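Step one of this worksheet: look at the structure below.
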Amino acid sequence: MRIGMLTGGGDCPGLNAVIRAVTKSLIRQCGAEVIGIEDGFLGLIERRVRPLGWDEVSGILATGGTILGTSNTASPFAWRGRDVAAEVVAYQRELGLDALVTIGGDGTMTMAARLGEVGGVPMVGVPKTIDNDIAGCERSFGFDTAVATVTEALERVETTGQSHGRVMIVETMGRYAGWIALEAGLAGAADVILLPEIDFDLERVAAVCRERHARRRATLICIAEGARPVGGTLTVERAVAGSPDPIRLGGVAHLLRERLQPRVDAEVRATVLGHVQRGGSPTPFDRVLATQYGNEAAHLLRRGQFGRMVTLQDGRLASVPLAAVAGQNRRVPLDHPLLVCAREIGVCLGEAG
Ligand SMILES: Nc1ncnc2c1ncn2[C@@H]1O[C@H](COP(=O)(O)OP(=O)(O)OP(=O)(O)O)[C@@H](O)[C@H]1O
Ligand SMILES: O=P(O)(O)OC[C@H]1O[C@](O)(CO)[C@@H](O)[C@@H]1O
Ligand SMILES: [Mg+2]
């Protein structure tokens with residue numbers, strides 16, 4: 001058996017743990033040859049691959065990023081104005097691949113499925129993202145690490161906020177889903193948590209800050225990059241040319257700071273955490289989850305269960321058809337127990353009233 005493997009989309013902690021587990025499982029279970037494809041689908045377009053053996057994947061469990069590199073702008077169906085999908089499929093055949101392991105988000109899964117439809121090799125997907133927003137998957141690896149990083153940041157920001165009696169705003173990543181802000185906000189004892197799923201009422205947030213200033217000096221606000229005020233729009237930082245999902249969010253913390261400042265006596269400061277949340281070594285939880293996902297991907301390959309993505313459902317390893325994942329986005333349901341819990345312990349979610 002000859003298996004290709006690539007990492008696509010934004011990187012996240014735990015990618016190397018998956019690469020290691022897939023490779024070691026396949027070598028041990030069936031003596032398979034594993035071919036690493038560099039920089040996601042770009043490596044298939046530019047014909048850049050390298051063999052992955054036991055030594056190449058040893059010692060990488062705890063390292064951040066991806067040893068294979070990644071890309072979020074390379075589409076074989078629209079590469080520099082040309083459709084090169086047929087050439088990519090031909091290259092897969094030249095390499096003698098029996099299947100492809102694609103470790104990525106919704107975009108990577110969609111692309112892998114599309115390549116399969118035009119004659120590409122069968123594939124098995126592994127869900128990665130710090131955002132935890134992949135359909136059919138209750139925990140993507142990388143999320144736990146991001147939550148740990150944001151939690152530490154909130155705690156650090158809180159002590160300086162206390163010293164100065166300020167309103168401190170911390171902005172998290174997460175795109176259109178509020179999972180990172182919600183879990184880190186709870187773990188980091190934020191007073192206000194603002195999510196993309198609940199448009200926030202500025203007057204309500206200001207009232208909480210004023211009330212806290214009188215009682216507790218400081219207010220800690222955790223806001224997801226995709227949050228927006230009632231009647232407002234998303235805060236877009238930039239558009240990335242060539243990316244199938246070109247919008248990059250960012251900066252809503254600054255918008256909130258500007259609008260809050262005239263409404264409160266305390267000084268307001270904003271911190272945008274950015275890629276700090278996506279880098280570095282995975283937590284033990286993510287190392288274990290990524291290892292299990294990689295091992296399970298090898299099982300699917302050996303059983304010939306293609307066109308599926310490994311996943312976690314009700315705490316158990318499982319797999320779902322790619323068609324159920326492609327083009328989807330898993331957001332925080334409004335009746336989620338963590339939202340209920342947050343409200344009941346007095347966290348403001350920006351809701352009016
Ligand atoms: N809608 C799409 N149709 C076809 N191909 C796509 C699509 N979206 C993404 N791709 C391909 O998948 C690659 C990765 O996609 P994208 O940048 O959206 O990352 P992702 O896998 O969704 O991860 P994340 O969004 O978490 O960074 C792109 O470079 C592109 O080749
Ligand atoms: O690295 P880039 O292209 O700026 O993308 C940032 C986006 O990717 C993610 O880190 C992961 O999907 C999002 O949370 C964030 O909005
Ligand atoms: Mg995506």
Side-chain angles (χ1 to χ4, degrees), residues 6-15 18 37-46 64-66 68-80 83-85 88 100-118 120 123 125-135 137 140-143 145-147 149-150 171-181 184 195-196 223-227 234-252 272-280 309 322-323 325-331:
L6 62 80
T7 51
D11 75 333
C12 89
L15 284 167
V18 177
I37 295 155
E38 295 177 352
D39 295 336
F41 292 103
L42 189 59
L44 283 177
I45 297 170
E46 296 184 342
T66 160
L68 290 175
T70 187
S71 160
N72 54 17
T73 53
S75 169
F77 292 94
W79 177 241
R80 296 184 177 151
D83 181 342
V84 297
V88 163
L100 189 63
V101 177
T102 53
I103 313 166
D106 57 326
T108 303
M109 303 303 154
T110 307
M111 171 55 72
R114 269 186 82 184
L115 279 176
E117 284 162 19
V118 297
M123 60 109 25
V126 181
K128 72 85 223 176
T129 171
I130 62 166
D131 302 340
N132 203 29
D133 63 349
I134 300 178
C137 177
S140 51
F141 67 87
F143 174 65
T145 308
V147 167
T149 304
V150 176
E171 178 181 314
T172 75
M173 281 186 165
R175 280 219 174 108
Y176 309 110
W179 297 105
I180 299 176
L195 310 174
I223 184 169
E225 63 182 2
L234 290 169
T235 308
V236 175
E237 192 203 39
R238 71 181 71 213
V240 178
S243 170
D245 188 5
I247 298 302
R248 295 294 180 273
L249 301 173
V252 69
V272 179
L273 294 179
H275 292 82
V276 160
Q277 292 157 93
R278 228 169 69 185
M309 182 189 80
L322 284 173
V325 174
Q328 306 281 323
N329 187 232
R330 194 180 72 97
R331 306 180 79 203

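Because the structure is a prediction, the values reported are computed rather than measured. Just follow the structure's listing: the first ligand is 1, and inside any ligand the first atom is 1.
- Exactly one of D131, D106, D133 qualifies for a side-chain contact (heavy atoms from CB on, under 4.5 Å) with N329. That residue is D133.
- The immediate protein surroundings of ligand 2, defined as residues with any heavy atom under 4.0 Å of it, consist of N72, I130, D131, M173, G174, R175, E225, R248, H275, R278.
- Side-chain contact between T149 and L273: absent, with no pair of heavy atoms (C-beta onward) separated by less than 4.5 Å.
- A donor-acceptor pair is defined here as one N or O able to donate and one able to accept, closer than 3.5 Å; no such pair exists between the side chain of K128 and the backbone of P13.
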Pairs of nitrogen or oxygen atoms, one from ligand 1 and one from the protein, closer than 3.5 Å: please tabulate them with distances.
unit_1, atom_1, unit_2, atom_2, d
ligand 1, 10 (N), G107, O, 3.3
ligand 1, 12 (O), G107, O, 3.2
ligand 1, 21 (O), G105, N, 2.8
ligand 1, 21 (O), T108, N, 3.0
ligand 1, 21 (O), T108, OG1, 2.4
ligand 1, 22 (O), D106, N, 3.4
ligand 1, 22 (O), D106, OD1, 2.7
ligand 1, 22 (O), G107, N, 2.7
ligand 1, 23 (O), K128, NZ, 3.2
ligand 1, 25 (O), R175, NH1, 2.8
ligand 1, 26 (O), K128, NZ, 2.9
ligand 1, 27 (O), G10, N, 2.8
ligand 1, 27 (O), K128, NZ, 3.4
ligand 1, 29 (O), A74, N, 3.3
ligand 1, 29 (O), A74, O, 3.3
ligand 1, 31 (O), A74, O, 2.3

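- Between the side chain of T70 and the backbone N or O of T7, at least one donor-acceptor pair lies under 3.5 Å.
- You'll find the side chain of W179 stays beyond 4.5 Å of the side chain of L195, heavy atoms only.
- E38 places no side-chain N or O within donor-acceptor distance of the main-chain N or O of G69, the cut-off being under 3.5 Å.
- For the Mg ion (ligand 3), the set of protein N/O/S atoms nearer than 2.8 Å consists of D106 OD1, ordered by chain and number.
- Looking at heavy atoms from C-beta onward, I180 lies out of side-chain contact with N132 at the 4.5 angstrom threshold.
- Side chain of R330 to main chain of C137: a donor-acceptor pair is present (N/O by atom type, distance under 3.5 Å, no hydrogens or angles).
- Here E46 pairs with R48 under the salt bridge (charged side-chain N to carboxylate O under 4.0 Å, His left out) rule; sequence neighbours left out.
- The closest donor-acceptor contact from the side chain of T235 to the backbone of G251 lies at 3.5 Å or more, if one exists at all.
- You'll find the side chain of L100 reaches within 4.5 Å of the side chain of I37, heavy atoms only.
- With a 4.5 Å cut-off on side-chain heavy atoms, R248 and R175 count as touching.
- With a 4.5 Å cut-off on side-chain heavy atoms, T108 and F41 count as touching.
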